[in-house]
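Beneath this line is the structure, given in structure tokens, with notes to follow.
Remember, predicted model here, so these are calculated numbers, not experimental data. Lettering of chains follows the sequences in order, A, B, ..., and the numbering in each one begins at 1.
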There are 2 protein chains.
Amino acid sequence: MASDHTRSAILAAAERLYADRGFGDVTLRDIVAEAGVNLAAVNYHFGSKDELIAELFVTRSVQTNRERLRELKAAEEEGGGRAPIEVILRALVGPTLRGCLGPENQRSTAARFMIRASIESVPPIRRIKNREIDHLRKFVGAMRRSLPDRSEVDIYWGLNFALAMAHHTIRESERLTKLSEGKCDLDDVEDVVARVVSVATMALTAGRTEPKAPARALARDAR
Amino acid sequence: MASDHTRSAILAAAERLYADRGFGDVTLRDIVAEAGVNLAAVNYHFGSKDELIAELFVTRSVQTNRERLRELKAAEEEGGGRAPIEVILRALVGPTLRGCLGPENQRSTAARFMIRASIESVPPIRRIKNREIDHLRKFVGAMRRSLPDRSEVDIYWGLNFALAMAHHTIRESERLTKLSEGKCDLDDVEDVVARVVSVATMALTAGRTEPKAPARALARDAR
DNA sequence: GATAGTTTCATACAACTGTTTGAATTGCAA
DNA sequence: TTGCAATTCAAACAGTTGTATGAAACTATC
């Protein structure tokens with residue numbers, strides 16, 4: 001293959017348009033116009049519209065997943081096979097939140113695209129998300145090693161709630177800003193991460209003997 | 001107007017089809033075929049496809065909101081203007097969860113429709129959801145009265161996390177079941193409510209003097 | 001039972017969709 | 001330069017979509 005110029009122009013244009021206007025009302029003709037290429041180029045290079053969307057989403061989500069696993073692995077190695085639950089949860093939700101939130105004006109196209117993907121949920125993306133379960137099982141494993149006394153069901157619920165808080169905050173960031181009249185600062189990503197991790201940790205450790213200091217209020221124990 | 005037969009047949013057919021197959025691939029022709037009425041009837045009775053969807057969603061969500069406010073009002077009256085935070089949170093997430101989860105075999109069309117609406121987020125529904133902020137402010141008010149020492153920002157985050165856990169659990173109930181290999185019982189709605197309320201309460205009260213007994217583990221304090 | 005208003009119907013419309021086609025163009029190797 | 005494959009292009013295709021139309025059927029009132 002030659003220079004990939006057309007191919008990457010399509011990818012860039014598609015990501016930008018989907019990020020700005022959503023999957024619902026962006027057509028292939030919009031994309032090729034934005035990219036300055038011919039309509040048939042999409043099917044030539046990607047096979048179909050759905051495969052184009054899938055490639056966009058896969059690219060971004062493997063980046064996030066790789067970062068998650070990198071943090072998880074580093075934490076478990078440092079702890080000799082067992083990482084503190086806070087660190088595991090941070091590895092789980094940190095990369096996702098950092099990838100999607102942050103100062104509005106410098107929020108990348110990729111970030112805005114991933115927010116869209118989490119809001120609209122179109123078939124090709126849903127298919128990919130369904131394969132994410134194996135990835136999550138690695139975190140379940142780490143969490144069980146970290147909290148061996150905790151029941152398996154509680155682990156699943158804790159994981160579910162951690163993901164819930166992260167994803168919902170991303171999806172509804174605009175509404176939270178409006179509801180709180182700007183008082184909730186979603187641009188301070190590390191504060192958001194700390195809040196989510198703090199609550200999820202409490203969910204997973206409440207009612208047990210705590211080897212560590214009691215959980216603090218919402219957030220504040222970020223760094 | 002005569003008997004409303006056509007109108008309600010359309011509503012019922014549309015809700016059923018949307019619940020089963022999603023908004024993405026149900027056309028007006030599918031709906032009128034299922035309802036046994038003429039294609040033009042939709043535009044005659046509802047004006048447009050979007051207005052039909054909006055009417056379906058509004059009907060169900062005002063039911064939920066009414067139930068929420070009923071529980072909230074009852075709780076505050078009983079407490080002389082101040083309700084315990086657990087009860088407020090239960091009023092917030094209980095009706096939603098009860099409306100969407102529950103034993104699969106008896107899960108109503110309305111419930112499955114609302115799950116769809118929370119997954120797919122099509123324009124007419126998004127427009128309605130955006131008007132939900134005033135409704136949420138009533139809960140913010142109640143929460144501030146219940147926890148007068150808590151900062152306003154913490155209240156907003158607590159509300160955000162409570163809604164996050166409820167909605168995400170609804171949206172991803174299938175995935176949680178698969179991930180936990182059926183060990184997380186999503187048919188026991190009251191257990192789910194108790195878990196969400198418990199964690200949200202911890203998020204809102206951690207690190208403070210507690211007039212009540214310390215929060216128990218995940219759930220169990222349901223009723 | 002004639003009339004006026006409402007509701008239903010078959011049908012056409014106009015626009016838009018993703019995809020395909022086959023010819024033109026390009027780039028590179030021999 | 002020649003030849004061949006990869007790429008680009010304009011154009012058309014085939015199908016679907018929500019909506020509009022105007023006539024027909026119905027309903028209730030007088």
- Message: Can you measure A:Phe23 atom CZ to C:dT17 atom C1' for me and round it to whole angstrom units?
- Response: 18 Å
- Message: Going by the rule salt bridge (Lys or Arg N to Asp or Glu O under 4.0 Å), which residues pair with B:Arg21 if we only count those two or more places apart in sequence or in a different chain?
- Response: B:Asp30
Which pairs of donor and acceptor atoms, one on a side chain in residues 94-102 of chain A, lie under 3.5 Å apart (sequence neighbours left out)?
from: A:Thr96; atom 1: OG1; to: A:Arg68; atom 2: NH2; distance (Å): 3.2
from: A:Arg98; atom 1: NH1; to: A:Glu190; atom 2: OE1; distance (Å): 3.1
from: A:Arg98; atom 1: NH1; to: A:Glu190; atom 2: OE2; distance (Å): 2.8
from: A:Arg98; atom 1: NH2; to: A:Glu71; atom 2: OE2; distance (Å): 3.3

- Query: Who pairs with A:Arg29 by side-chain contact (heavy atoms from CB on, under 4.5 Å), at least two apart in sequence or on another chain?
  - Reply: A:Thr27, A:Leu39
- D:dT8 OP1/OP2 closer than 4.0 Å to side-chain N/O of A:Thr6: yes
- With sequence neighbours left out, write down each residue that passes salt bridge (Lys or Arg N to Asp or Glu O under 4.0 Å) with B:Arg175, or none if nothing qualifies. A:Glu132, B:Glu172
- Query: Taking only Watson-Crick and G-U wobble pairs with both distances under 3.5 Å, what dot-bracket line describes DNA chain D, where [ ] shows pairs that cross earlier ones and | shows pairs with another strand?
  - Reply: ||||||||||||||||||||||||||||||
- Name all residues meeting the salt bridge (Lys or Arg N to Asp or Glu O under 4.0 Å) criterion together with B:Arg126; count only those two or more places apart in sequence or in a different chain, and write none if there are none. none
- Task: For A:Ala14, check side-chain contact (heavy atoms from CB on, under 4.5 Å) against everything at least two apart and list the hits.
- Result: A:Tyr18, A:Ile31, A:Leu52, A:Leu56
- Rounded to whole angstroms, how far apart are CD1 on B:Ile10 and C1' on C:dT7? 11 Å
- Task: Determine, for A:Glu55 against A:Arg7, whether the closest basic-nitrogen to carboxylate-oxygen distance falls under 4.0 angstrom.
- Result: yes
- Got a sec, which residues hit salt bridge (Lys or Arg N to Asp or Glu O under 4.0 Å) with B:Glu181, two or more places apart in sequence or on another chain? B:Lys183
- Item | Atom pair CG/CZ of A:Leu17 and A:Arg116 - distance to nearest 0.5 Å | 11.0 Å
- Considering residues at least two apart in sequence or located in another chain, which fulfil the side-chain contact (heavy atoms from CB on, under 4.5 Å) criterion with A:Asp185? A:Asp187, A:Asp188
- For DNA chain D, the residues among residues 28-37 of chain B that have a non-hydrogen atom under 4.0 Å from it: B:Leu28, B:Arg29
- Message: With the threshold set at under 4.0 Å for non-hydrogen atoms, list the residues of residues 38-45 of chain B touching DNA chain D in residue-number order.
- Response: B:Leu39, B:Ala40, B:Asn43
- Euclidean distance, atom NE2 of residue A:His5 to atom P of D:dT7 [Å, nearest integer]: 14 Å
- Task: Please identify each residue that fulfils side-chain contact (heavy atoms from CB on, under 4.5 Å) with B:Ala41, with sequence neighbours left out.
- Result: B:Thr6, B:Ile10, B:Val37, B:His45
- Task: Whole angstrom is fine here: how far is it from CD1 in B:Ile53 over to C1' in D:dG18?
- Result: 11 Å
- Can you tell me the distance, in whole Å, between the CG atom of A:Asp50 and the P atom of C:dT17? 15 Å
- B:Asp25 CG to D:dG15 P, straight-line distance once rounded to whole Å: 19 Å
